[in-house]
Amino acid sequence: MTVRTIKVTVNGTMYERTVEPRLLLADFLRGTLGLTGTHVGCEHGVCGACTVLVDGDSMRSCLLFAVQLDGCSIETVESLGTLNNLSPLQEAFREHHALQCGFCTPGMLMTATDLLRKYPLATDEEIREGLSGNLCRCTGYEHIVAAVRAAKDAR
């Protein structure tokens, strides 16, 4: 079995690990690093539940191999806040009841983090367009859009 040593920075902490080349980033984060906030849904890059930020850009961790991220900086939902100290975006999700079952929430939060950092999001339509790659089976979109709008307005 071939293995490779990679170095990645995850949520500000540098990790050096030996991994199989076929290990998906989602499995690396969840199984190797114990960061279970990244959810695995469709495993085809369609649902967005596994979205993380790689060097500042939102990406599907179920479509990336961990070895591809050697030298990269990764942010997961765990980087946003804690139960006792929610980020403004997490607080907006709580206040606007944008959580529903919670399965899509980590991916929605990470996508929204990327959007809020890069775009003015002047209209709800822009927010909807930005989130369109993330699926919510509980149909909490109106609450999610309201939460992102509130976080945008608060900054």
Side-chain angles (χ1 to χ4, degrees), residues 6-17 19 23-43 45 47-64 66 69-124 126-155:
I6 62 169
K7 290 182 183 177
V8 294
T9 301
V10 181
N11 301 332
T13 301
M14 201 283 288
Y15 296 92
E16 183 173 337
R17 297 289 188 273
V19 299
L23 182 67
L24 294 173
L25 177 59
D27 295 329
F28 174 76
L29 294 170
R30 291 179 60 80
T32 304
L33 299 185
L35 298 171
T36 57
T38 300
H39 293 166
V40 179
C42 68
E43 299 183 69
C47 74
C50 69
T51 302
V52 297
L53 302 184
V54 177
D55 292 336
D57 294 321
S58 58
M59 296 192 180
R60 305 292 202 247
S61 64
C62 73
L63 297 179
L64 298 168
L69 286 296
D70 188 25
C72 291
S73 177
I74 302 161
E75 294 173 72
T76 70
V77 70
E78 287 90 350
S79 71
L80 298 182
T82 66
L83 287 174
N84 295 323
N85 187 24
L86 297 176
S87 72
L89 180 60
Q90 289 171 311
E91 185 62 33
F93 265 62
R94 187 192 65 73
E95 287 177 7
H96 292 274
H97 309 287
L99 302 167
Q100 300 280 341
C101 81
F103 191 80
C104 72
T105 304
M108 288 283 188
L109 286 167
M110 296 314 292
T111 299
T113 296
D114 187 20
L115 293 172
L116 289 165
R117 287 178 182 173
K118 294 178 181 174
Y119 304 103
L121 302 176
T123 66
D124 284 0
E126 289 177 2
I127 295 170
R128 283 187 189 89
E129 178 68 25
L131 294 173
S132 66
N134 292 68
L135 303 179
C136 173
R137 300 189 104 188
C138 297
T139 66
Y141 289 112
E142 290 303 317
H143 297 288
I144 293 167
V145 170
V148 174
R149 182 182 341 104
K152 175 198 69 101
D153 291 345
R155 58 180 172 152

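Everything quoted here is computed from the prediction, not taken from an experiment.
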Q | Side chain to side chain, Met59 and Leu53, heavy atoms closer than 4.5 Å | A | no
Q: For the pair Ile127 and Leu115, evaluate side-chain contact (heavy atoms from CB on, under 4.5 Å) and give the outcome as yes or no after the intermediate values.
A: CA-CA 8 Å; Ile127 295 170; Leu115 293 172; 5.7 Å; no
**Q.** Closest approach of Cys136 to Tyr141 (non-hydrogen atoms, all atoms of both residues)
**A.** N-OH, 2.8 Å
Q) Has the side chain of Thr38 got a donor or acceptor atom that lies under 3.5 Å from a matching backbone atom of Ala26? A) no
Q.
Can a donor-acceptor pair be found, under 3.5 Å and without considering hydrogens, that links the side chain of Arg117 to the backbone of Gly56?
A. no
Q) After noting the C-alpha distance and the side-chain angles of Leu64 and Val52, does the key distance pass the side-chain contact (heavy atoms from CB on, under 4.5 Å) rule? A) CA-CA 11 Å; Leu64 298 168; Val52 297; 5.7 Å; no
(Q) Please report the interatomic distance CG(Leu121) to CG(Leu116), rounded to the nearest 0.5 Å. (A) 5.5 Å
Q. Rounded to the nearest 0.5 Å, how far does CG of Leu99 lie from OG1 of Thr105?
A. 5.0 Å
Q) Taking all atoms of both residues into account, what is the closest heavy-atom pair of Ser58 and Thr51, and its distance? A) CB-CG2, 3.8 Å
**Q.** Contacts of type side chain to side chain donor-acceptor pair (under 3.5 Å), residue Lys118, not counting sequence neighbours
**A.** Asp57, Asp114
Q | Pair Tyr15-Thr32, side-chain contact (heavy atoms from CB on, under 4.5 Å): steps then yes or no | A | CA-CA 10 Å; Tyr15 296 92; Thr32 304; over 6 Å; no
Q.
Test your reading of the model: is there a side-chain donor-acceptor pair from His96 to the backbone of His143, 3.5 Å cut-off?
A. no
Q. Can you name the nearest heavy-atom pair linking Leu80 to Met110, along with the distance?
A. CD1-SD, 3.9 Å
**Q.** Glu91: side chain to side chain contact (heavy atoms under 4.5 Å, CB included) partners, not counting sequence neighbours
**A.** Leu86, Arg94, Glu95
Q | Phe28 and Leu69: CA distance, side-chain angles, deciding distance, side-chain contact (heavy atoms from CB on, under 4.5 Å) verdict | A | CA-CA 11 Å; Phe28 174 76; Leu69 286 296; over 6 Å; no
Q: State, to 0.1 Å, how close Gln90 and Val77 come at their nearest heavy-atom pair, and which atoms those are.
A: NE2-O, 4.3 Å
**Q.** Pairwise side-chain contact, Ile74 with Leu25, heavy-atom cut-off 4.5 Å (strictly under)
**A.** yes
Q. Of all heavy-atom pairs between Arg30 and Val40, which one has the smallest distance, and what is that distance?
A. CD-CG2, 3.9 Å
**Q.** Smallest separation among heavy atoms of Cys50 and Ser61, with atom names
**A.** O-OG, 2.8 Å
Q.
Any carboxylate oxygen within less than 4.0 angstrom of a Lys/Arg side-chain nitrogen, looking at Glu43 and Arg60?
A. no
Q: Measure the spacing between OG of Ser79 and CG of Leu109 and express it to the nearest 0.5 Å.
A: 10.0 Å
**Q.** Distance in Å, Ile6 CD1 paired with Cys72 SG, rounded so as to fall on 0.5 Å steps
**A.** 9.5 Å
Q) When rounded to the nearest 0.5 angstrom, what is the spacing between CG in Leu33 and CZ in Arg17? A) 6.0 Å
Q. Backbone N or O of Gly37 within a donor-acceptor pair of the Glu78 side chain at under 3.5 Å?
A. yes
Q.
I'd like to know if the side chain of His39 and the backbone of Ala49 have a donor-acceptor N/O pair within less than 3.5 Å.
A. no
Q) Sub-3.5 Å donor-acceptor pair from the side chain of Thr111 to the main-chain atoms of Met108, do we have one? A) no
**Q.** Separation of Arg149 CZ from Thr123 OG1 (nearest 0.5 Å)
**A.** 10.0 Å
